[in-house]
Amino acid sequence: MDGFEVIAEGFARALQILLSGDQGILEITLLSLRVSLAATLLGAAFGIPIGFLVARKDFRGRSVVTTVINTLMGLPPVVVGLVVYLFLSVSGPLGFLRLLYTPEAMIIAQMILTFPVVCGITISSVLSLNPKLKETLVSLSAPPSWEARVLLNESKLGLITAIIAAFGAAISEVGAIMMVGGNLLGYTRALTTAIMLYTNMGEFATAIALGIILLLIAFGVNLFLTYLQMRSRVRRTT
Amino acid sequence: MSFLECRSISKSYDGKHALKDVTFEIEGGDLLSVVGPSGSGKTTLLRIIDGLEKADSGEVLLKGKKISGEPFLHRKMIGMVFQNPVLFNTTVFNNIAYSLKFRGEEGETIKKKVEEMLKLLRLHDLRGRNALTLSGGEAQRVALARALVYDPDLLLLDEPTANLDPYNVSIIEEVLQRSNREQGTTVIVITHNIFQAKRLAKNVAFLLEGELVEFSDSAAFFASPRDSKTLSFIRGEMVY
């Protein structure tokens, strides 16, 4: 069977899986979604406020911090997986938590990947705001809490982009979750780790089918986020 | 005690004087026009009064209190309208409401006061529009509304009608005069336009190269200026 036939069979298999509602595949899909969405939300929960503070506060070493965060945006998932593995392994400093080979460990590893993405894009979005916005807020006597709220609202287009990029990084990575999750069937097997497994087993059609499902999920989530992004644009009515 | 007192204000940028020993005072309810050519220090003076910039020397007292002491509390009594206002990426209604939310106002009070401002500045039809889609004149009216909505004691305006069409100029001038006359708001307005100063002001200050050349009531300023430079400026003979 040549490559094209494998791909065609993969599409047929994907259709079959989608129509049959295979329980095993459904579990894998839901786990992938749960882990990546949780990691994205946690990455955003830490990345947005920290990115905002880095962008707004003038402190010594700010450019170094920004450079480090920007560098971490390209963090290799395998390295993250290795470090998290060493921390969570029985002899590691956090071994007592017994999180290794659990979905929680996968969320931690992916969160470490999503955090710098959200943080870096937040810094860039807030820094690119009109400097006169801050002056206007000062002139209107906006308290610091309101100032942050208004400036984040002004940056929302960039913040949604950050979340889209972070989710993309999380849902598509395999190295980190493979190392800390262990690809255990029915417990820590995600779509990407399953694709890798089926490829190694030579079951290319199933691997392609899972790849198509992965793309459909990413498309669905991004469709929603892009809708929010488009809504936050300035709509010119004249 | 004067409402606003500027005592020996000086300010330099990169060794170049923007303001030199500027001293004047105004009473509550005044409508002062600050005129002068570009680069004469008008905007710097307004920014110092608003607490956005610090003077190198001298002090500003509002109702007898130094603004440098508590700029935040002081600023709550002041409304500022910039020449090119920056509006927020939300509706016209919300842009005006923000000023009240910043001051802890809530629900019905906000709605009532914002509606009053929309009516006063003829912005009713635009209440739901994104403020970033407005024309220059409409944006300036929103900026004025958000500065007036919290009923400031002192309203500062930096060339609020520069480059606006006569319709928007007339609305802004009318609102400024009403606010000054009916609410007793003290107004300081910077303008290049001496006709506008003549129409609006009770007192006029003339700044030239950072120095206060003349300060007098409007009638005297235009009819019999004391300084030859003022006369030259009024006659349009000053090249700048």
Side-chain angles (χ1 to χ4, degrees), chain A residues 44 48-49 51-53 55-58 118 121-164 224-238, chain B residues 43 46-47 49-53 70-92 94-105 125-126 128-135 138-139 142-150 152 154-158:
Chain A
I48 291 175
F52 181 79
L53 285 175
R56 297 303 309 168
K57 299 288 172 193
D58 205 4
V118 177
I121 299 177
T122 301
I123 292 172
S124 156
S125 301
V126 176
L127 281 177
S128 63
L129 287 174
N130 183 344
K132 288 192 174 174
L133 263 173
K134 162 83 177 168
E135 193 173 86
T136 301
L137 287 165
V138 169
S139 187
L140 289 170
S141 302
S145 57
W146 267 104
E147 189 184 304
R149 210 166 139 178
V150 173
L151 291 178
L152 283 173
N153 187 51
E154 294 294 312
S155 321
K156 65 186 168 194
L157 204 65
L159 299 186
I160 296 171
T161 305
I163 292 170
I164 290 173
F224 172 68
L225 291 172
T226 308
Y227 165 72
L228 292 181
Q229 197 179 37
M230 290 297 120
R231 261 183 49 149
S232 71
R233 279 188 322 161
V234 178
R235 273 160 290 174
R236 299 192 182 273
T237 52
T238 54
Chain B
T43 298
L46 220 61
R47 290 173 64 83
I49 294 172
D50 194 32
L52 292 172
E53 290 198 38
E70 289 180 285
F72 187 73
L73 289 175
H74 160 86
R75 211 178 280 118
K76 282 195 159 187
M77 301 159 66
I78 299 180
M80 172 87 169
V81 178
F82 297 94
Q83 185 179 351
N84 297 307
V86 176
L87 300 181
F88 304 116
N89 184 9
T90 180
T91 61
V92 166
N94 286 339
N95 264 271
I96 302 169
Y98 268 142
S99 296
L100 296 167
K101 289 178 181 172
F102 296 161
R103 284 161 177 75
E105 300 276 7
D125 295 344
L126 303 172
R129 267 266 292 276
N130 186 302
L132 302 189
T133 66
L134 301 177
S135 70
E138 292 163 345
V142 174
L144 180 57
R146 77 176 172 193
L148 279 175
V149 73
Y150 52 89
L154 174 63
L155 182 64
L156 308 171
L157 304 105
D158 187 0

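Both backbone and side-chain heavy atoms feed into the values below; hydrogens, waters and symmetry mates do not.
Ranking B/Val86, B/Leu52, B/Thr90 against chain A, the residue ahead of the rest is B/Val86, based on heavy-atom pairs under 4.5 Å.
With a 4.5 Å cut-off on side-chain heavy atoms, A/Leu228 and A/Ile163 do not count as touching. The closest side-chain heavy-atom distance from A/Gln229 to A/Thr161 is below 4.5 Å. Taking 4.5 Å as the limit, some side-chain heavy atom of A/Leu140 sits within range of a side-chain heavy atom of B/Tyr150.
Remark: the B/Thr91 side chain and the B/Asn94 side chain contain an N/O donor-acceptor pair separated by less than 3.5 Å.
Heavy atoms closer than 4.5 Å to chain A are found in both the backbone and the side chain of B/Arg146. Only the side chain of B/Phe82 comes within contact range of chain A, judged by heavy atoms closer than 4.5 Å.
Taking B/Gln83 as the reference, nothing meets the side chain to side chain donor-acceptor pair (under 3.5 Å) condition, with sequence neighbours excluded.
Across all non-hydrogen atoms, the minimal contact from A/Ser141 to B/Phe102 is O-CB, 3.9 Å. Nearest heavy-atom pair, B/Met80 versus A/Ser139, reported as atom, atom and distance to 0.1 Å: CB-OG, 3.1 Å.
By a heavy-atom distance cut of under 4.5 Å, A/Trp146, A/Val150, A/Asn153, A/Glu154 are the residues of residues 145-160 of chain A near chain B, going up by number.
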